[in-house]
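Here's the structure we're looking at; comments come further down.
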Amino acid sequence: MTRVLKYIVPFVFVIGLMAGCEADKITTSPDAKLSFSVDTLRFDTIFTSQGSTTKKIKIYNWSKNKVVISSISLNGESFKINVDGRKGSDFRDITVNAKDSIMVFVQLFIDPSDGRLPFIVRDSIVCLTNGNVQKVQLEAYGRNAKRFTNYTFTSDTTITDAIAVLVKDTLWVPKSVRLTVTNGATLYFCKNAVMMVDGTLVIQGERSRFVTFRGDRSDYMNTSPPLNYDMASAQWGGIRFTSNSEANVFNFAEIRNSSIGIVVDSLCNGTEALKITNSKITNSSGNLITSTANNIVLWNSLLCNAGGNILRINGGSLDVRHCTIANYYSFTWGSRTAANIRLGNMTEFGTVIPLSSGIYNTIIYGGYNNEIVYNKKEGEEDKCVYTFENCLIKLANSNVDEHYTDCIINQKPEFVFEGWSEDIRKQNPHLYDFHLRSGSPAIGTAKRSISEEPALKYDLDGNDRTLDESSDIGCYEYY
């Protein structure tokens, strides 16, 4: 055995030495082409004069020899690259080891003087290697935007869809000032940016042109499958109405992907603090709507997905009609922690505030066994008044009592997304469709007199609830 090893060891050493020498050679063959991690690198909405997130491309050399990239360059000026730690737009003689790769980081800045709104910015990274010209396409969708940085409105103001709005930190609507946001307008909020309303906020969209409040990022997370930031929660702070604010109205509004959702501080004067109709309030990492001692109206709206409660109501009054309240919130950074609805007659500090609530023709569903909980002051239970009529509810059977009239308990609503195949769900784990499927127990079981009210005759899609003899529970009529 010793004599065999005597000959094997030198042989292995020589073979290794030869392989090492081969790897140290630089090939000039035109057959030694590069490979790239992507052929097109896309950036979504980028606000002019504001840099994009940084993305990366890997350039691979699968050859058994080293290669020298004669040049790596950009054609235009909007994109900037960093090659192996060096910034610039034109790099020369970059060596890539055998079976190795280099990293190229890419960022985008758009010229704000460009008058086209919106516009596409394109460029390419061009690599020249042994006479081969290879390209990676770069593409971005850019927008100009009006920027608000710690901004306070000083008089009544209207925001239209003429230009996008980018909120950098805090946007204030002071007392006695009215901010109106009209059809088609979009407000983009940077991370942790919030809207504070001490006066009045009126959102007045149209069915075909919702007003949208959302985060400012539209690129993709490094997840599998890739998740667009516009589908992720906690992308901006949220909206807070102070105790001075009243007569706030959301009609055809979409408020999504915040951290605190909508918070309505105690008003206590009996006036209507917030009325939400024909709207979509979705995807908050905390509660979706929190209210203390206010009059809140929620009609014909989709309220879905929150890390906390969808509705956390501490006293005051609550009027909910033809809404879909559903919670399937789940991200790698957090899952839901509370029931859909929490109704109570006291504040977090134990102060008793009487509650009067009525919920009609509404779906309340999710993954919890009991999607409605109560926070009643002991000995003051009579000051927590609530009624549910013709609702479909996920609820512990032991909690069903005289407060629930003609309700459907613990039957699946049969949402459309629940019928998707496993492959579709895997590719779109955060995509939901809360329309009803055929066979849903919510079909034809709504209280007709409420469906016939003029403000509720048409569902969230604009379909007439009164075309046939019966109407459906929830914000969407089955068609």
Side-chain angles (χ1 to χ4, degrees), residues 43-47 50-55 145 147-150 164-172 186-197 201 203 210-241 250 253-265 276 279-291 301-312 325-342 348 366-368 417 428-432 434:
F43 295 78
D44 208 324
T45 302
I46 307 296
F47 294 101
Q50 177 172 321
S52 70
T53 55
T54 300
K55 295 197 171 189
R147 286 164 178 73
F148 290 115
T149 302
N150 196 23
V165 171
L166 180 64
V167 181
K168 299 286 288 183
D169 40 36
T170 304
L171 188 62
W172 282 90
T186 300
L187 276 68
Y188 297 86
F189 291 80
C190 295
K191 187 74 171 178
N192 300 322
V194 295
M195 172 172 275
M196 297 291 294
V197 183
L201 173 62
I203 297 177
F210 272 56
V211 169
T212 303
F213 284 36
R214 50 159 290 184
D216 68 320
R217 295 185 65 170
S218 296
D219 51 323
Y220 285 82
M221 293 182 177
N222 186 25
T223 58
S224 181
L227 173 64
N228 193 298
Y229 277 96
D230 191 35
M231 297 182 70
S233 65
Q235 295 308 296
W236 61 290
I239 304 172
R240 186 164 202 134
F241 298 95
F250 292 4
E254 182 167 4
I255 316 296
R256 63 179 186 255
N257 306 341
S258 66
S259 295
I260 66 169
I262 298 169
V263 179
V264 192
D265 292 335
I276 298 177
S279 294
K280 303 173 186 179
I281 316 297
T282 66
N283 210 18
S284 169
S285 60
N287 296 332
L288 201 69
I289 298 176
T290 305
S291 172
S301 294
L302 173 64
L303 312 170
C304 68
N305 295 345
N309 304 118
I310 298 289
L311 298 178
R312 188 182 184 95
I325 302 174
N327 203 352
Y328 295 83
Y329 181 93
S330 180
F331 290 98
T332 56
W333 56 86
S335 299
R336 57 178 298 200
T337 59
N340 267 356
I341 297 178
R342 181 179 184 269
E348 306 298 331
Y368 276 30
F417 82 88
N428 302 277
H430 303 291
L431 183 64
Y432 302 91
F434 291 104

Side chain to side chain contact (heavy atoms under 4.5 Å, CB included) between Phe189 and Arg214, intermediate numbers included: CA-CA 6 Å; Phe189 291 80; Arg214 50 159 290 184; over 6 Å; no
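- Geometric assessment of Lys55 against the ring of Phe43 yields a positive cation-pi assignment under the 6.0 Å and 45° thresholds.
- Judged by distance alone, with hydrogens and angles left aside, the side-chain atoms of Lys191 form a donor-acceptor pair with the main-chain N or O of Ala234 at under 3.5 Å.
- At a threshold of 4.5 Å between non-hydrogen side-chain atoms, the residues Leu171 and Met196 do not count as touching.
- Of the residues Asn309, Leu288, Leu303, Ile325, the one that meets the side chain to side chain contact (heavy atoms under 4.5 Å, CB included) test with Asn340 is Ile325.
- Judged by the 6.0 Å distance and 45° axis criteria, Arg336 is positioned over the aromatic ring of Tyr368.
- A donor-acceptor contact closer than 3.5 angstrom is absent between the side chains of Ser218 and Asp230.
- Between Phe213 and Tyr188, the distance separating the two ring centers is not shorter than 6.0 angstrom.
- Partner of His430 under the ring pair (Phe, Tyr, Trp, His ring centres under 6.0 Å) criterion, out of Tyr229, Phe331, Tyr329: Phe331 alone.
- Heavy atoms of other residues, nucleotides or ligands lying less than 6.0 angstrom from OH of Tyr432 number more than 12.
- Checking side-chain atoms of Asn327 against main-chain N and O of Ala306 turns up a donor-acceptor pair under 3.5 Å.
- Pairing each heavy atom of Val167 with each of Ala193, the nearest pair is O-CB, 3.5 Å.
- In this structure a side-chain-to-backbone donor-acceptor pair under 3.5 Å is present from Ser279 to Ala253.
- Atom CG of Asn283 is separated from atom OG of Ser233 by 5.5 Å, given to the nearest 0.5 angstrom.
- Side-chain contact between Pro429 and Pro225 is present, with at least one heavy-atom pair separated by less than 4.5 Å.
- The shortest side-chain heavy-atom distance between Phe148 and Leu187 does not fall under the 4.5 Å cut-off.
- Side-chain N or O atoms of Ser284 include one that pairs as donor or acceptor with a backbone N or O of Ser259 at under 3.5 Å.
- A distance of 9.0 Å separates CE in Met195 from CD1 in Ile255, rounded to the nearest 0.5 Å.
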Evaluation steps, side chain to side chain contact (heavy atoms under 4.5 Å, CB included), between Leu201 and Phe250: CA-CA 8 Å; Leu201 173 62; Phe250 292 4; 3.7 Å; yes
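- Taking OG of Ser301 as the start and CD1 of Ile289 as the end, the distance is 8.5 Å to the nearest 0.5 Å.
- Using a 4.0 Å cut-off between charged nitrogen and carboxylate oxygen, Arg240 and Asp265 count as a salt-bridge pair.
- Note that the CZ atom of Phe210 and the CD atom of Glu254 stand 7.0 Å from one another [nearest 0.5 Å].
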Check against side chain to side chain contact (heavy atoms under 4.5 Å, CB included), Leu431 and Met231: CA-CA 8 Å; Leu431 183 64; Met231 297 182 70; 4.0 Å; yes
Side chain to side chain contact (heavy atoms under 4.5 Å, CB included) evaluation trace for Asp216 with Leu166: CA-CA 7 Å; Asp216 68 320; Leu166 180 64; 3.8 Å; yes
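- With rounding to the nearest 0.5 Å, the separation of OG in Ser291 from CZ in Phe241 is 10.5 Å.
- With hydrogens and angles disregarded, no donor-acceptor distance shorter than 3.5 Å links the side chain of Arg217 to the backbone of Gly215.
- If you take CG on Asp169 and CH2 on Trp236, they are separated by 13.5 Å, rounding to the nearest 0.5 Å.
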